[in-house]
Amino acid sequence: MTTLVHGSDTLTRDALTVLQPGFVGTTAPDWLLRRIGEGLSSVGLFGRNIVAPEQLAALTAQLRAERDDVLVAIDEEGGDVTRLEVKQGSSFPGNYALGSVDDVELTRAVARELGRRLVQCGVDLNWAPSADVNSNAENPVIGVRSFGPDPDLVARHTVAYVDGLQGVGVAACTKHFPGHGDTNVDSHDALPRIDVDLATLHARELVPFRAAVAAGTKAVMSAHILLSALDPHRPATLSPQILTGLLRQELGFEGLIVTDGMEMQAVAATYGIERGSVLAIAAGADAICVGGGLCDEDTVLRLRDALVTAVRTGELPEERLADAAARVRALAAWTQAHRARGAGSVPGAAVQEGTAPGADIGLVAARRALRVTRGQHPHTPVTDAPYVASFTPVANFAVGDETPWGIAAELRRLLPGTETGSYDEPSVDAVLAAAGERRIVAVVRDAHRHSWMTEALDGLLAARPDTVVVEMGLNEAEPRGALHIATHGAARVCGRAAAEAVVGTGA
């Protein structure tokens, strides 16, 4: 490829400044450090970059040795979407669990503890919380990542989450503006379209974002969705009407506007990442998130040069790029000031999980989020090692398939000898054969969305009415089983809380 300008050029530095790229590895590659020296101001971290808190702290220190004001961002929602604990499962329940409890002080405490752990690891920008109102129960990508279907509930918990994170020096990035909740398409795969009128958008989707802006969220992430009432031609990420007209001018947001991942098919398949990035900055975005899939130096150079070329050809006003870069630097200065003051630090606390004050808040929240319903068949606690049948749907890209879920591991801890099997299609005979004489615990995720899951439960409960059912997704289906446990999410702590309820020792 052709490098258009030298690294010392102001235009090139601004183009690098607005990028938030990812990389491969648990230490920073040479190319990334070199580009940071040339002006790259942000780095995005994913599960592939993290193996332990100590390693993550060393990695962020390595980045800041090159440039002490670099923004280190992460997609750490807790719950089903975790990067800090991608191989273990999260120590914190997600938004749906917190919304089901509906205690804003609990939500604030969870976000504060999560933020404290991020601070200890050197992370200062969290692409969270999700402020989407999950008004469509068939939504394949939001679901338990939302606080719920009620706009006012989502608004008050979004504000509490923003307060919790930013109170310890982690910039919150409220997403996915102007609202990804009423979709039945995953924007990782295609372009979702929402065809509701403006009155509905203002009364539903925009309520949590207005509240987050008023609460001072430092960043907002755009959604790759088409809202025909606002812009019938371009997705929100590329729409001046939505980013500049609605978010900046009408809602009065002055912070950083970050795009969702530019390699997602909702944008990339139609525009390509280079043109998509130019259109996003022109529309009012300030930072281009890329790296969930494309995470190499060539991607950074392609986007940098596309922005520079767009300025030189007049497609992108130079002052718009300069303004975007200035907003990135302003947020970096805010986070740097917090680090300098030691905001959120715990004197003498180690980096390892569980050492900070309130470290058990995630388990406390998960226990409070449980909803236990007894069925008509008499239920007794499971006291002998059971058989856990996990009915496993295909994971969406945001959650990924690396993070374990379910309750088998937690049940095995309480009842050694517990056995388990995973099923992705109706197989009642296979479950019964594998279980033998053991009690069966059937674990499902969004049973209302998967007819094969419902059919499998029907057959299983007909044969074994003493079966315990654990729902770890949206709690939309009617409770069934001798005991029905709704966890409101599949985080590790949700599995632990459910296991305690199964054996009758729930706190």
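The basis for the numbers below is simple: all heavy atoms, side chains too, and nothing from hydrogens, waters or symmetry mates.
For V86, the side-chain contact (heavy atoms from CB on, under 4.5 Å) test picks out E402, T403, with sequence neighbours left out.
Within the 3.5 Å criterion, the main-chain N or O of G291 finds a donor-acceptor partner in the side chain of E263. In terms of modelled atom types and a separation under 3.5 Å, the side chain of D296 and the main chain of T299 share a donor-acceptor contact. Using a distance-only test at 3.5 Å, with no hydrogens or angles considered, a donor-acceptor pair links the side chain of N49 to the main chain of G25. Within the 3.5 Å criterion, the main-chain N or O of F147 finds no donor-acceptor partner in the side chain of N134. Distance alone, capped at 3.5 Å, places no donor-acceptor pair between the S146 side chain and the G143 backbone. For the pair R248 (side chain) and F253 (backbone), a donor-acceptor distance under 3.5 Å is present. Between the side chain of T309 and the backbone N or O of D305, at least one donor-acceptor pair lies under 3.5 Å. With R204 contributing its side chain and S135 its backbone, the two residues share no donor-acceptor pair below 3.5 Å.
Looking only at atom types and distance, the side chain of S91 has a donor-acceptor partner in the side chain of R492 under 3.5 Å away. S239 and D231 share a side-chain donor-acceptor pair at under 3.5 Å. There is a side-chain donor-acceptor pair under 3.5 Å between R329 and T17. No hydrogens or angles considered: nothing links the side chains of E77 and T82 as a donor-acceptor pair under 3.5 Å. Counting only N and O atoms by type, the side chains of R67 and S41 include a donor and acceptor under 3.5 Å apart. Using modelled atom types, one finds no donor on one side chain facing an acceptor on the other under 3.5 Å when comparing H180 with D132.
Within the structure, every pair that satisfies the salt bridge (charged side-chain N to carboxylate O under 4.0 Å, His left out) test and touches residues 153-169, not counting sequence neighbours, is listed here: D102-R156, R108-D163.
A side chain to side chain contact (heavy atoms under 4.5 Å, CB included) with Q20 is found for one member of V258, V328, T259 and no other, namely V258.
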Quick one, L45 with L59, criterion side-chain contact (heavy atoms from CB on, under 4.5 Å). Give me CA distance, side-chain angles, the key distance, then yes/no.
CA-CA 10 Å; L45 299 179; L59 169 57; 4.0 Å; yes
Show the numbers, then the answer: is there a side-chain contact (heavy atoms from CB on, under 4.5 Å) between K175 and D260? CA-CA 9 Å; K175 63 186 183 185; D260 208 342; over 6 Å; no
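Within the model, atoms SG of C121 and CG of D124 stand 12.0 Å from one another, a figure rounded to the nearest 0.5 Å. The structure places CG of L206 at 5.5 Å from CG of L246, a figure rounded to the nearest 0.5 Å. The CG atom of L11 sits 6.0 Å away from atom CZ of R312, with the distance rounded to the nearest 0.5 Å. Here the CD-CD distance, from E38 to E66, works out to 10.0 Å after rounding to the nearest 0.5 Å. In this structure, CE on M221 lies 6.0 Å from CH2 on W127, to the nearest 0.5 angstrom. In this structure, L201 CG and I242 CD1 are separated by 9.0 Å, a value rounded to the nearest 0.5 Å.
Between P151 and P149, the shortest heavy-atom contact is CD-O, 3.6 Å. Counting all heavy atoms, side chain and backbone alike, V493 lies closest to G362 at CG2-O, 4.0 Å. Nearest heavy atoms, A111 versus Y161: CB-O, 3.5 Å. Between L16 and G39, the shortest heavy-atom distance links the atoms CB-C, 3.9 Å. Between L63 and V72 the shortest heavy-atom distance is CD1-CG2, 4.1 Å. For S277 against I288, the heavy-atom pair with the smallest separation is OG-CG2, 3.5 Å.
No salt bridge links R83 with E76; every basic N to acidic carboxylate O contact stays at or beyond 4.0 Å. A salt bridge links R320 and D286; the closest N-O separation between the charged side-chain nitrogens and carboxylate oxygens is under 4.0 Å.
Counting non-hydrogen atoms of neighbouring residues, nucleotides and ligands closer than 6.0 angstrom, the CG atom of D30 reaches no more than 12 such neighbours. Other residues, nucleotides and ligands contribute over 12 non-hydrogen atoms within 6.0 Å of the CD atom of E297.
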